[in-house]
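A quick write-up on the structure given underneath.
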Number of protein chains: 4
Amino acid sequence: MTNSVRGGKRERLAAAAARVLHEQGVEKTTLADIAHAADVPVGNVYYYFKTKDQLVEAAIGEHGRALRGLLDRLDELPEPQRRLKALVRGWVDQREVAARYGCPTGTLASELDKRADGLDQAVGVLMRELLDWMERQFAALGREDARELAVALLSSYQGISLITNTLRDPELMKAEGDRLERWIDALS
Amino acid sequence: MTNSVRGGKRERLAAAAARVLHEQGVEKTTLADIAHAADVPVGNVYYYFKTKDQLVEAAIGEHGRALRGLLDRLDELPEPQRRLKALVRGWVDQREVAARYGCPTGTLASELDKRADGLDQAVGVLMRELLDWMERQFAALGREDARELAVALLSSYQGISLITNTLRDPELMKAEGDRLERWIDALS
Amino acid sequence: MTNSVRGGKRERLAAAAARVLHEQGVEKTTLADIAHAADVPVGNVYYYFKTKDQLVEAAIGEHGRALRGLLDRLDELPEPQRRLKALVRGWVDQREVAARYGCPTGTLASELDKRADGLDQAVGVLMRELLDWMERQFAALGREDARELAVALLSSYQGISLITNTLRDPELMKAEGDRLERWIDALS
Amino acid sequence: MTNSVRGGKRERLAAAAARVLHEQGVEKTTLADIAHAADVPVGNVYYYFKTKDQLVEAAIGEHGRALRGLLDRLDELPEPQRRLKALVRGWVDQREVAARYGCPTGTLASELDKRADGLDQAVGVLMRELLDWMERQFAALGREDARELAVALLSSYQGISLITNTLRDPELMKAEGDRLERWIDALS
DNA sequence: AATGAATGAGTATTCATTCAT
DNA sequence: TATGAATGAATACTCATTCAT
């Protein structure tokens, strides 16, 4: 509650970090950029996050919260296939953003993978959460190769995000999304 | 041959750039890093490349040369399916590198996509070359949806590269490669 | 007063810039020179001035303040001729500095004129201010050719500053100053 | 004659130096700029001029030759007043150049005056030559204050060059030239 | 807690000068 | 004599991090 009195600066910083780091990349983004986006004085950032890396961590956390929120909502759908296809459709709905900035977690992962300081692990955790959820859906469909299918589906999404982004063409993601939906339908 | 005595610094710099930029990322890599890797004095780099961006461009060029060399070799194989599967197998062979640093062009694309200065286009050109080649193979198989299949295949590779890299598990790429080969076989 | 305790770094930097740029010229002066002259850590300069050009601008501003202060004081003299001659006498009083470094604004103008980035305009504004003031004095003397006389007087000063500087002989300015005073007296 | 076989590179370099240093200023001009303007390979410059300063010296020499040529031509005129007015008219004829780049020797002097390495003296020599010539004309008119008048006339020219340049207005020099001609007429 | 200010270790880039041939 | 290549010292500018209040 002190938090709300303070205006939730920590939250604003985390949200701003998630957005700005996605748009500009980790290395290109300065603390001042994030502070400015969160409307927080630069000198004040350090009361909430000791280092830039902690802000990156917070941004990953934001993406994690968003992911878990999404999966919770999907879980309310009655059948695994419906859930998987809704997931795909969600990706397709974001194709304009993907064409401009790529997948938020994917680009973050790509950049952090170059490092070896623990931060690269954090995105891996997210990725595993998503893979696990997918695996459960495919397993529910009776597939023995559920994990492999989960990896294949996530691969397709991450790959098409990158291609959509590089070629600046959102329609590529639309077409691939349709293909993936047909693929899901054909599974059971 | 004077050139070879002097050691072909330009070539060494381009090769070093391709390697180091892949390993460390564009932003994290300093000119000194590249100069050092090429065993060239820092001040001398500018005799060959006026800006860091030109070195990045040269690195992309190196990847392009490698790609064209690979496709030329694949073209010697008699059947489209053999060619496509050989391509996939080549990717799988590089899985240790992918697990450590990701796909060279993919990570480069991901980082450059954040920018809007023409360099982002350069990787796009490479990507299109590869897509065009793939499309020709699928078309030779009599597929009307050749372009879509090309995009799907490249997506899978780019995506599995990222996942393999993030989860630091080369075996993921092995499994996905096997799956893709089976998929290619089933197309005919 | 916190400001005065901290020492008004911005002001010190502007003052140091005005002095050092006059003594060494714009191109020959490094940011470190100015920082050192102002007793400010180099890295701190950028907190106050984002670029070297902004420091040059601040130096021009300092010269402008000095000029306006001088003209305000001259305006207190009762007659136009007295004012003009006091202006000339002020120049002559500075002849040692002129012999060593030239006229502060003149040398700045000369160097900046080579450029075309807006900074060259800034000195022009100063010059016009002085010309306007002179023109008013000549007009008050009933001269129809007031503007032309203003230009002539400023020319003589700028020219003799350059000659005094080049020949390293302050007495040249003394003699020219005397001549100009007689010229002013003869105008009535 | 070896010289002419070589294509007079030394001369071309000196001429290019005179021109480019005038247009860009000493500090802003690189050796490569001059070499390029003279169409001489950069590495070759050092066979003719050991240092950049020697090129500056050569440029001053060029201005000296031009000055002596001009004065020789003026000396053919029958009367001192005609000679002085022709000198002024020559300046006015160059007013477009002056508005763009200032007086060649004046701007050079201004920049070199900041230094204390002998190069500043070289322009002084030129200036004295011109002053001496002017003094002889005024003396021929029977003026006891010939030197003072010489200094005054040169001051006016140098000053109006600077003002014309700073305010980017060639007409200022036209008006001042007319005034100076009237002043010369009124002397004898 | 809050914040403007301070700091110093980088980083890309420039360029006069020298060298090898 | 000629020249492409080499070199390193310098310089403007950035930014994460820390400090003083």
Side-chain angles (χ1 to χ4, degrees), chain A residues 2-3 5-7 9-10 26-35 40-56, chain B residues 1-3 5-10 26-35 40-56, chain C residues 1-3 5-10 26-35 40-56, chain D residues 2-3 5-7 9-10 26-35 40-56:
Chain A
T2 324
N3 232 3
V5 168
R6 279 203 319 260
K9 288 192 183 178
R10 181 180 207 95
V26 176
E27 295 296 329
K28 280 268 193 180
T29 298
T30 70
L31 282 188
D33 286 339
I34 298 173
V40 167
V42 191
N44 198 5
V45 173
Y46 279 82
Y47 273 89
Y48 303 96
F49 303 96
K50 289 302 164 206
T51 65
K52 185 180 178 181
D53 278 4
Q54 286 188 12
L55 263 170
V56 177
Chain B
M1 59 191 60
T2 321
N3 220 14
V5 167
R6 276 202 322 266
K9 290 195 178 179
R10 183 180 205 92
V26 177
E27 295 296 331
K28 278 275 199 178
T29 298
T30 70
L31 284 186
D33 288 339
I34 298 173
V40 166
V42 191
N44 198 8
V45 173
Y46 280 82
Y47 187 78
Y48 300 96
F49 301 96
K50 293 300 164 211
T51 63
K52 185 180 179 181
D53 278 4
Q54 285 188 10
L55 265 171
V56 176
Chain C
M1 60 190 61
T2 324
N3 220 13
V5 167
R6 278 201 323 266
K9 289 196 179 179
R10 184 180 204 92
V26 176
E27 295 296 330
K28 279 276 199 178
T29 298
T30 70
L31 284 185
D33 288 338
I34 297 174
V40 167
V42 191
N44 197 9
V45 172
Y46 281 83
Y47 187 78
Y48 300 96
F49 301 95
K50 291 299 165 210
T51 64
K52 185 181 178 181
D53 278 4
Q54 284 187 11
L55 265 171
V56 177
Chain D
T2 325
N3 230 4
V5 167
R6 281 201 319 257
K9 288 192 182 176
R10 182 181 205 93
V26 176
E27 294 297 329
K28 280 269 192 180
T29 299
T30 71
L31 281 189
D33 287 338
I34 298 173
V40 167
V42 191
N44 199 4
V45 173
Y46 279 82
Y47 273 89
Y48 302 97
F49 302 97
K50 289 302 163 205
T51 64
K52 184 181 180 182
D53 279 3
Q54 286 187 11
L55 264 171
V56 177

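All chains are named by letter (A, B, ...) in the order of the sequence lines, taking the proteins before the strands, and each is independently numbered beginning at 1.
D:Lys52 and D:Glu27 make their closest contact through NZ-O, 4.1 Å (heavy atoms, listed as atom of the first residue, atom of the second, distance).
For C:Tyr46, the side-chain contact (heavy atoms from CB on, under 4.5 Å) test picks out C:Leu31, with sequence neighbours left out. A search for side-chain hydrogen bond (donor to acceptor under 3.5 Å, both in side chains) contacts involving A:Thr30 returns A:Asp33, not counting sequence neighbours. Looking at residues two or more places apart in sequence or on another chain, you find no salt bridge (Lys or Arg N to Asp or Glu O under 4.0 Å) involving A:Lys50. With sequence neighbours left out, A:Asn44 forms a side-chain hydrogen bond (donor to acceptor under 3.5 Å, both in side chains) with no residue at all.
For A:Lys9, a side-chain nitrogen or oxygen approaches OP1 or OP2 of E:dT3 to under 4.0 Å.
Here F:dT1 presents its P atom at 10 Å from CG of D:Asn44, a figure rounded to the nearest Å. Per the geometry, CZ belonging to D:Arg10 stands 14 Å off C1' belonging to F:dT1, to the nearest Å. Rounded to an integer number of Å, the gap from OH of A:Tyr47 to C1' of E:dG4 is 12 Å. Between the P atom of E:dC15 and the CD1 atom of D:Ile34 lies a distance of 12 Å, rounded to the nearest Å.
A donor-acceptor pair under 3.5 Å is absent between the side-chain atoms of B:Lys9 and the main chain of B:Tyr48, judged by distance alone.
The side chain to side chain contact (heavy atoms under 4.5 Å, CB included) test with D:Val45 singles out one residue from D:Thr51, D:Leu55, D:Ile34, and that residue is D:Leu55.
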Which nucleotides of DNA chain E pair, in dot-bracket form (Watson-Crick or G-U under 3.5 Å, | meaning another strand): .||||||||||||||||||||
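The cationic atom of A:Arg10 (NZ for Lys, CZ for Arg) lies less than 6.0 Å from the six-membered ring centre of A:Phe49 and within 45° of the ring axis.
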Sugar-phosphate means primed atoms, P, OP1 and OP2; the rest is base. With that split, encode nucleotides 12-17 of chain F 5' to 3' as B, S or - using protein heavy atoms under 4.0 Å. SBBBSB
